[in-house]
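In this chain, residues are counted from 1 in sequence order.
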Amino acid sequence: MLGAHYITDVLVGWALGALVIFLVSYLQRRVKREWLLHLVIAIVCIPGFFYCQTADYYISYGMMIGYFLANAFEKRFVNFKSTRSVVRGILRLLGGATLYFGLNALFKYICELIFSEEFLASASFASFAIITVRYVIIMFLIIGVYPLAFDRIGTPKAK
């Protein structure tokens with residue numbers, strides 16, 4: 001419609017997306033050790049570092065690695081139990097969104113203090129690596145550490 005892609009580009013993208021969904025679902029059922037599945041997925045995604053030229057890939061990869069690390073941390077140290085309270089769920093979601101945007105702005109500001117604007121905009125491997133690390137940290141804090149606050153606030157006791 002906008003002239004950016006042929007219909008075949010879109011159809012192949014959809015087909016690859018569906019293939020990835022089914023493949024990961026299949027692997028989740030077959031691979032019993034979650035850390036091994038996460039490692040395999042992370043390794044399979046590494047080739048993107050050699051040909052992707054936009055920050056989107058590096059942001060996504062950083063978020064994925066941050067999720068994998070946070071998931072393991074949360075299961076081992078936090079063991080978050082959700083309540084059935086809709087109000088608490090909404091408040092947690094809003095708190096998480098606020099934390100995400102706040103951390104993103106803070107880390108972007110810190111990166112701009114440390115590195116030059118030209119370097120961060122250079123689309124070099126090093127600048128993309130910094131973006132990846134930034135999102136690893138953000139996702140780890142939101143998914144792994146943020147739920148610790150819920151224990152401090154307290155949850156209603158099950159009857």
Okay, side chain of Glu74, backbone of Phe80: is any donor-acceptor separation there less than 3.5 Å? yes

Backbone of Phe49 reached by a side-chain donor or acceptor of Tyr58 within 3.5 Å: yes

same_hphob_cluster([X], [Y]) at 4.5 Å side-chain heavy-atom cutoff:
{"X": "Tyr26", "Y": "Leu36", "value": "yes"}
{"X": "Val145", "Y": "Leu93", "value": "no"}
{"X": "Ile46", "Y": "Trp35", "value": "yes"}
{"X": "Phe50", "Y": "Ile43", "value": "yes"}

Restricting to salt bridge (charged side-chain N to carboxylate O under 4.0 Å, His left out), what partner residues turn up for Glu112, sequence neighbours left out? none

Apply ring-ring contact (aromatic ring centres under 6.0 Å, His included) to Tyr67 and list each qualifying residue two or more places apart in sequence or on a separate chain. none

From [X] atom [atom1] to [Y] atom [atom2], the distance as rounded to the nearest 0.5 Å:
{"X": "Leu27", "Y": "Leu37", "atom1": "CG", "atom2": "CG", "answer": "6.0 Å"}
{"X": "Phe115", "Y": "Ile110", "atom1": "CZ", "atom2": "CD1", "answer": "11.0 Å"}
{"X": "Ile137", "Y": "Leu106", "atom1": "CD1", "atom2": "CG", "answer": "10.5 Å"}
{"X": "Cys52", "Y": "Phe125", "atom1": "SG", "atom2": "CZ", "answer": "11.5 Å"}
{"X": "Leu69", "Y": "Phe140", "atom1": "CG", "atom2": "CZ", "answer": "7.0 Å"}
{"X": "Met63", "Y": "Thr132", "atom1": "CE", "atom2": "OG1", "answer": "11.5 Å"}

Take Thr54 and Phe128 through the test side-chain contact (heavy atoms from CB on, under 4.5 Å) and record every step on the way to the result. CA-CA 8 Å; Thr54 64; Phe128 286 146; 5.7 Å; no

Nearest non-hydrogen partners of [X] and [Y], listed with the distance:
{"X": "Ala42", "Y": "Ile65", "answer": "CB-CD1, 3.6 Å"}
{"X": "Ser122", "Y": "Phe119", "answer": "OG-O, 2.6 Å"}
{"X": "Val78", "Y": "Pro147", "answer": "CG1-CB, 3.9 Å"}
{"X": "Arg92", "Y": "Tyr146", "answer": "O-OH, 3.0 Å"}

Distance-only check: which donor-acceptor pairs under 3.5 Å involve side-chain atoms of residues 7-22, not counting sequence neighbours?
| residue | atom | partner | partner atom | Å |
| --- | --- | --- | --- | --- |
| Asp9 | OD2 | Tyr6 | N | 3.1 |

Please step through side-chain contact (heavy atoms from CB on, under 4.5 Å) for the pair Leu103 and Leu141, ending with a clear verdict. CA-CA 9 Å; Leu103 287 172; Leu141 291 174; 4.0 Å; yes

Side-chain contact test, heavy atoms from C-beta onward, threshold under 4.5 Å: evaluate it for [X] versus [Y] and give yes or no.
{"X": "Val87", "Y": "Ile90", "answer": "no"}
{"X": "Tyr135", "Y": "Asn104", "answer": "yes"}
{"X": "Asn71", "Y": "Ile143", "answer": "no"}

Where at least one partner belongs to residues 17-38, residue pairs that pass salt bridge (charged side-chain N to carboxylate O under 4.0 Å, His left out), sequence neighbours excluded: Glu34-Lys75

Sequence neighbours excluded - salt bridge (charged side-chain N to carboxylate O under 4.0 Å, His left out) pairs with any residue from residues 117-136: none

Kindly state each residue pair satisfying ring-ring contact (aromatic ring centres under 6.0 Å, His included) with at least one member in residues 84-109, sequence neighbours excluded. none

